[in-house]
Amino acid sequence: MSLYKRFETAFMPNYGVPPVALARGEGTRVWDVDGNEYLDFIGGIATSSLGHAHPALVEAVSKQVATIAHTSNLFLHEPEVLLAEKLLTLLNAPGKVFFANSGTEANEAAYKLAVKYGKREGRSYFVAAENGFHGRTIGALSLTGKPSIRDQFGPFPIDVRFVPYGDATALKEAVTGDCIAVFLEPTQGEAGVVPPPEGYFEAAREICDSTGALLVADEIQSAIGRTGHWFAHQADGVTPDILTLAKGLGGGLPIGACIGFGDAGKLFAKGDHGSTFGGNPVACAAALAVLDNVDLDHVRSASARLRSGLESIRHPLLKGVRGRGLWLATVLSEPRSAEVQSAAQSAGFLVNALQPDAVRIAPPLVVTAEEIDKFLATYPAILSEAAK
Ligand SMILES: *Cc1c(COP(=O)(O)O)cnc(C)c1O
């Protein structure tokens, strides 16, 4: 029986059967179980920051697993302290860290911090963005503005009011002195890599300051160099009250983080939250290797090359390019992203049909100029194949 058939037999159908079974990788290159080679221009959904099998990541993880793999939170260990300190240094703002294992768990921590704040201040509801994505567990799902994945699992414990993303006036109307917190992505990832209009995050900061609502920046997809900055909010010139991280932080190892700045970092009391695996030494060692090896100058030059190359392609199926850094969507003139994904696969490139009219491109942050040029040289033919 093929691996695909066995997958279908053994697994719940929530993912369907993915189109490629990957066996191994090296840098931006991956090979499937049949030995076919691809250039990975999706990086495990903007997660494999250092590409595959990066020597520094391999060494850090191997060393740590051979030293001590797990302590639980009954005991502390040096890698978690080093990682928290390093993140706070990069953030350059006084804060406190909680480690989880995934994006949705990082947001659950943010959600619980906000609940504590809401109870203390006598506030009653959250605001989040339409089409926003914050994760699949019940708290994070309640903040997710996609009715198709949210509604069937309601009702949810807290009232969440949704506003159109990027509309500062709508945000201002929705956020009153009764609002606990505003959850926003600095650029919406799952919605199609949609950056907000200029000034939106500054406006959100002002609205939260004037009403006392907490601003929660979900940077699970946008941080760790993805936009050419360590954190997207730094480019926007705004510090949130709470920040959540995951995806790119571990370079493929599961880790999430929730960081509270100022007063928001002091909301949890002893016993309020926890995770057996959160801050696991191996995951922390991986994240430290990522932070030591992401080269922001390289990300900026690579993303400029990729973006200008894509923008110079003239093709009837290609309407435009949007996004930030090495985190782009090619927007199609027709809903043919599934065809683009499969034509790309046939041509030896992995991309992601994110929305019917948007193809996500998020290569590892170590992608080379030659690899980008190869992709750019082939993309017009991929589009033509998809348009057939
Ligand atoms: C991926 C993602 C999440 C969820 O992360 P998981 O690790 O899949 O739980 C939450 N928010 C954003 C913005 C994401 O991109």
Side-chain angles (χ1 to χ4, degrees), residues 12 14-15 18 42-49 98-114 126-146 148-150 153 160 162 165-166 181-196 200-201 204 215-227 229 231-233 236 240 242-259 275 277-280 283 286-287 290 322-329 352-355 358 360-362 365:
M12 292 185 191
N14 54 305
Y15 297 119
I42 187 59
I45 316 186
T47 293
S48 304
S49 318
F98 170 81
F99 285 130
N101 309 287
S102 65
T104 203
E105 285 175 78
N107 281 336
E108 291 296 322
Y111 183 106
K112 282 178 68 175
L113 285 173
F126 289 136
V127 168
E130 287 169 11
N131 296 317
F133 183 77
H134 299 291
R136 301 286 197 156
T137 52
I138 292 296
L141 184 61
S142 72
L143 296 157
T144 290
K146 292 180 157 184
S148 61
I149 63 173
R150 176 185 195 270
F153 296 105
V160 183
F162 293 97
Y165 186 72
V182 176
F183 281 74
L184 289 173
E185 298 161 81
T187 281
Q188 288 191 317
E190 297 310 297
V193 196
V194 185
Y200 182 62
F201 249 68
L215 178 61
V216 184
D218 179 343
E219 288 228 39
I220 285 163
Q221 197 162 155
S222 58
I224 319 299
R226 186 51 57 186
T227 66
H229 304 268
F231 307 95
H233 70 261
D236 298 332
I242 300 176
L243 170 70
T244 56
L245 307 172
K247 289 198 169 77
L249 177 59
L253 274 285
I255 185 166
C258 174
I259 295 150
S275 162
F277 288 122
N280 170 278
V290 168
R322 69 180 173 223
R324 304 163 78 166
L326 280 175
W327 189 33
L328 301 174
N352 167 234
L354 178 56
Q355 292 287 331
R360 176 164 46 190
I361 295 169
L365 305 181

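Read the numbers this way: they start at 1 and go in the same order the structure lists the ligands and their atoms.
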May I ask you to identify, for [X], whether its side chain, its backbone, both or neither come under 4.0 Å of ligand 1 on a heavy-atom basis?
X	answer
Ile220	side chain
Glu185	side chain
Glu105	neither

Considering non-hydrogen atoms only, spot the tightest contact between Leu113 and Cys258 and give its length. CD1-SG, 3.8 Å
Under 4.0 Å from a heavy atom of Asp218: give me the atoms of ligand 1 that qualify, with their elements. 10 (C), 11 (N), 12 (C), 13 (C)
Please say whether [X] places an N or O atom under 3.5 Å from an N or O atom belonging to ligand 1.
X	result
Glu190	no
Thr104	yes
Gly103	yes

Quiz question for you: does at least one protein heavy atom lie closer than 4.0 Å to atom 9 (O) of ligand 1? yes
Would the distance check show the side chain of [X] and the main-chain N or O of [Y] forming a donor-acceptor pair, the cut-off being under 3.5 Å?
X	Y	answer
Thr47	Gly252	no
Arg360	Trp327	no
Ser275	Ala100	no
Glu185	Gly132	no

Just to confirm my output: which protein heavy-atom neighbour is closest to atom 14 (C) of ligand 1, and how far is it? Lys247 NZ, 2.9 Å
Does some side-chain heavy atom of Val193 sit less than 4.5 Å from a side-chain heavy atom of Leu328? no
Polar contact flag, side-chain donor to acceptor under 3.5 angstrom, Asn280-Asn101: no
